[in-house]
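Notes follow the structure.
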Amino acid sequence: MSEMFEVIVVGGGHSGCEAARSAAVMGAKTLLITQNLNSICSLSCNPALGGVAKGQIVRELDALGGYSGVVTDASTLQFRMLNRSKGPAMWSPRAQVDTIMYGIRWRQELERTDNLFLWQDEVTDVVIEGGKARGVKTLSGLTIRSQAVVLTNGTFLEGKIHIGLTNFEGGRLGEASAKSLAQNLKANGLITQTLKTGTPLRVDARSINFDLLTEQKGDEDAEQFSYFIKRKPLVNQRSCYIAYTSERVHDILRRGFEFSPMFNGRIKGRGPRYCPSIEDKIERFADKTRHQLFIEPESDYTNLYYINGFSSSLPLNVQYEALRAIEGFEQAVIAKPGYAIEYAYFPPTQLRNTLEVKTIDSLYLAGQINGTTGYEEAAAQGLIAGANACLKIKEKEPLLLKRSDAYIGVLIDDLITKGVNEPYRMFTSRAEYRILLRQDNADQRLTSKGYSIGLASEERLLKAQKKASEIDNLATYLRKNAAEPDEVNALLESAGSNTVSQKTKLAMLLLRPTIGLRSLANNVPLLANRIAELDSDTAKEVIDCTETLIKYESYIFKEQEIADKMLKHENMPIKADFDYHQLQSLSFEAREKLSAIRPATIGQASRISGVSPSDISVLILFFGK
């Protein structure tokens, strides 16, 4: 510990693990400090990775050279592609994972990563010298020096757990909160506010009557997240189940509202809008007579099931009585209570687009302490923060992702320009270029960027390039070659599509909504032979990507054209110390907001609430000179 590290990462959650691994892989001597090495990457909120928009983020992490996708694949209990009934811009991969194996595999990866060291301790202070982060102090009395510090403390800063009238300090049930660090950073000028989140109770599977629940199986042809490391096909996937609350359940829960810390004012922080507690759902949606619950397995090594949708901070006896009123849970035995946790976070408008604190050089913040929800959003910030800490030390250009590059770019831009007043959750609707940011093309968008900074390997890059080449070649084949009427008319008729009377280009046939590339290949022998030539490892990905490319080509082109036009002014830089008050032609609100947030570019300025299009025109005219 007497040696100088280049990067110190504080916190061993999803954000911290991606941050520490990224910095180390890129060549920085890195130390990861966490309170408990046995809780590395704990899945405390739910036993799943991915989902709507979140699945796209996991794919992007993998494409950049991150590791969340690989660990998820190695721990998957069930895989589903969500939103298949919608267009491909909405498709979102999701995996139920083994919570025990997930943490073990992440720790294995950290311990075999060169340049990366682990230390179990609590960080109490960031050492700040001359406005720069230069190490940390710990509860055990150590002062550990570094050139950059990345904080990824999750819900541990001033964390307080609430179960009914009972409340106590904690960053997670059974783990201590971190009080001193938040005080240290506030004393150095950072602003903190309070948010809250929660988690449902866990139930012993032996006490659940699954015959009364609706089974939800995984996809028959289960996919995976990582483009790089192929796992064996999933066999014997674990099922999830669906249950429902009822008016009786709601009545029992309402009886406990007077003891709820959320309703009696003891919880001040605002909770996640899109993942509310069961009591919040009953209050906000009083017209609903029932709410859907997802019953999800936690591991092959435990009997516990997670009751997704039943997050609660009500007294334990109320949780217990209400649970037993749900069909299938009449004899339920609880292993862990549901609880709410209130914690400090740093409004992210205090950050640059690198996730570096504006007022403290070489200090980076990532994850839930920036006001976000979810493992995926946290991991994405961790990778960006860890990579940029390393790049700054090596005096290289930072890794910056635009909104048209990745969901990760949307996430960070939203945080630093708009801020948050409730826990931020990523949705496909937040991305204006979502047809460009599909889950199937993340490697085509981002692997070259990951390789350029030393995070993605050359092998990974070559694999992405080969796949891109196969997609281009197959698309060209479809545009150039045609099918005879007698080859495809039976298919067209069965699909409810008009038959053809002459040879028709395969790409034109594929434009029909009810015709897929695989069904076309089943009827056109030459196309089947062409597809058989594809690399078996990536054939499915190539077929899916090519079909999307052909079917949505005009939409993709139009969206790319819009993105390119926006870039004209998007990256126009603004001086960090510019005095907005000198521009009297700006509205007063714009001058105040711009002075507080300090956007780095015109594009960022345009997305700040209160800055109007006319204000942006003024800035373009001024800085365009």
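What's counted below: heavy atoms across the whole structure, side chains too, no hydrogens, waters or symmetry copies.
- Under the 4.0 Å criterion applied to side-chain N and carboxylate O atoms, Arg238 and Asp98 are not assigned as salt-bridge partners.
- For the pair Val7 and Tyr364, the minimum side-chain heavy-atom distance is 4.5 Å or more.
- Remark: side-chain polar atoms of Asn303 are not paired, donor with acceptor, to backbone N or O of Asp204 under 3.5 angstrom.
- Heavy-atom neighbours of Arg112 CZ from other residues, nucleotides or ligands within 6.0 Å: above the threshold of 12.
- Side chain to side chain, Asn388 and Thr354 fail the donor-acceptor criterion of an N or O pair below 3.5 Å.
- Contact check on Arg324 versus Glu321 returns no salt bridge, with no Lys/Arg side-chain nitrogen under 4.0 Å from an Asp/Glu carboxylate oxygen.
- The backbone N or O of Gly367 lies less than 3.5 Å from a partner atom in the side chain of Gln381, making a donor-acceptor pair.
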For Gln120 and Thr34, what are the C-alpha separation, side-chain angles and deciding distance, and is it a side-chain hydrogen bond (donor to acceptor under 3.5 Å, both in side chains)? CA-CA 5 Å; Gln120 182 167 296; Thr34 186; over 6 Å; no
List the steps, then state whether side chain to side chain contact (heavy atoms under 4.5 Å, CB included) holds for Ile295 with Ile307. CA-CA 5 Å; Ile295 317 305; Ile307 315 302; 3.9 Å; yes
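- Proximity of Gln237 to Leu77: side-chain heavy atoms (C-beta onward) are nowhere separated by under 4.5 Å.
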Walk me through it: do Tyr102 and Leu49 pass the test side chain to side chain contact (heavy atoms under 4.5 Å, CB included)? CA-CA 10 Å; Tyr102 187 88; Leu49 269 288; 4.1 Å; yes
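- With respect to the salt-bridge test (charged N to carboxylate O, under 4.0 angstrom), the residues Arg254 and Glu283 do not qualify.
- The aromatic rings of Phe79 and Phe225 sit perpendicular to each other, their planes meeting at more than 60°, with 30° as the lower class boundary.
- Of the possible polar contacts, one joining the Gln56 side chain to the Ala53 backbone as a donor-acceptor pair under 3.5 Å is found.
- Between the Ser226 side chain and the Ile229 main chain, a donor and an acceptor come within less than 3.5 Å of each other.
- A pairwise comparison of heavy atoms in His14 and Tyr375 identifies CE1-CD2, 3.3 Å as the closest pair.
- Contact annotation: the side chain of Leu201 never approaches that of Lys336 to less than 4.5 Å [non-hydrogen atoms, C-beta and beyond].
- No donor-acceptor contact under 3.5 angstrom links the side chains of Glu122 and Ser180, judged on distance only.
- Using a 3.5 Å distance cut-off with no hydrogens or angles, the side chains of Thr76 and Gln96 do not pair a donor with an acceptor.
- The structure places CG of Leu213 at 10.5 Å from OH of Tyr244, a figure rounded to the nearest 0.5 Å.
- Taking the side chain as every heavy atom from C-beta outward, Thr197 and Thr373 never approach each other to under 4.5 Å.
- Here the CD atom belonging to Glu327 is positioned 12.0 Å from the OG1 atom belonging to Thr245, to the nearest 0.5 angstrom.
- Salt-bridge annotation for Asp414 and Arg403: present, with a side-chain N of the basic residue lying under 4.0 Å from a carboxylate O of the acidic one.
- Using cut-offs of 30° and 60° on the angle between ring planes, the pair Phe117 and Phe5 is perpendicular.
- Side chain of Asn209 to backbone of Glu330: no donor-acceptor contact under 3.5 angstrom is found.
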Before you tell me yes or no, could you show the steps for Glu215 and Ser239 under side-chain hydrogen bond (donor to acceptor under 3.5 Å, both in side chains), namely the whole-Å CA-CA distance, both residues' side-chain angles and the distance that decides it to 0.1 Å? CA-CA 7 Å; Glu215 187 175 14; Ser239 290; 2.6 Å; yes
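- Residues Val58 and Glu376 share a closest heavy-atom pair of CG2-CG, 3.6 Å.
- Side-chain contact between Ile369 and Phe156 is absent, with no heavy-atom pair separated by less than 4.5 Å.
- Looking at Thr124, its side chain does come within 3.5 Å of a backbone N or O of Lys137 through a donor-acceptor pair.
- A distance of 8.5 Å separates CD1 of Ile341 from CD of Gln368, quoted to the nearest 0.5 Å.
- The pair Glu111-Arg107 meets the salt-bridge criterion, since a charged nitrogen lies less than 4.0 angstrom from a carboxylate oxygen.
- Closest heavy-atom contact between Lys281 and Gly309: NZ-O, 2.9 Å.
- The SG atom of Cys240 lies 7.5 Å from the OH atom of Tyr305; values are rounded to the nearest 0.5 Å.
- At least one donor-acceptor pair closer than 3.5 Å links the side chain of Thr99 to the backbone N or O of Glu298.
- Put simply, OG1 on Thr349 and CG on Leu415 are 10.0 Å apart, with the number rounded to the nearest 0.5 Å.
- Looking only at side-chain heavy atoms (C-beta outward), Ile384 and Ile408 come within less than 4.5 Å of each other.
- Glu175 CD to Gln35 CD: the interatomic distance, rounded to the nearest 0.5 Å, is 7.0 Å.
- For Phe210 and Tyr241, the ring centers are positioned less than 6.0 Å apart.
- Closest approach of Ile161 to Gly170, counting heavy atoms only: CG1-O, 4.0 Å.
- With respect to Glu377 and Arg425, no salt bridge is recorded, no charged nitrogen being found less than 4.0 Å from a carboxylate O.
- Of the charged side-chain nitrogens involved, at least one lies within less than 4.0 Å of a carboxylate oxygen, so that Glu158 and Lys186 count as a salt-bridged pair.
- At distances below 3.5 Å, not a single donor-acceptor pair connects side-chain atoms of Tyr67 with backbone N or O atoms of Trp106.
- A salt bridge links Arg59 with Glu223; the closest basic N to acidic carboxylate O contact falls under 4.0 Å.
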CA sep, side-chain torsions, deciding dist, call: Ser42, Arg172, side chain to side chain contact (heavy atoms under 4.5 Å, CB included): CA-CA 10 Å; Ser42 175; Arg172 192 160 46 216; 3.8 Å; yes
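- In the displayed structure, Arg290 atom CZ is contacted under 6.0 Å by at most 12 heavy atoms of other residues, nucleotides or ligands.
- Nearest heavy-atom pair, Leu181 versus Val126, reported as atom, atom and distance to 0.1 Å: CD1-CG2, 3.9 Å.
- Ion pairing of Arg94 with Glu296 is present here, as a side-chain N (NZ or NE/NH1/NH2) and a carboxylate O approach within less than 4.0 Å.
- Two residues are said to be in side-chain contact when any heavy atoms from C-beta on lie closer than 4.5 Å; Leu383 and Ser15 fail this criterion.
- When side chains are defined from C-beta on, Leu190 counts as touching Gln350, because their heavy atoms get closer than 4.5 Å.
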Test side chain to side chain contact (heavy atoms under 4.5 Å, CB included) applied to Thr417 and Asn353, step by step: CA-CA 9 Å; Thr417 58; Asn353 52 1; over 6 Å; no
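- Checking side-chain atoms of Glu356 against main-chain N and O of Ser362 turns up a donor-acceptor pair under 3.5 Å.
- Between Ala332 and Leu323, the closest heavy-atom pair is CB-CD2, 3.6 Å.
- For the residue pair Glu342/Thr194, the side-chain donor-acceptor check at 3.5 Å is not satisfied.
- Judged purely by atom type and a 3.5 angstrom limit, Arg434 uses its side chain to pair as donor or acceptor with the backbone of Ala431.
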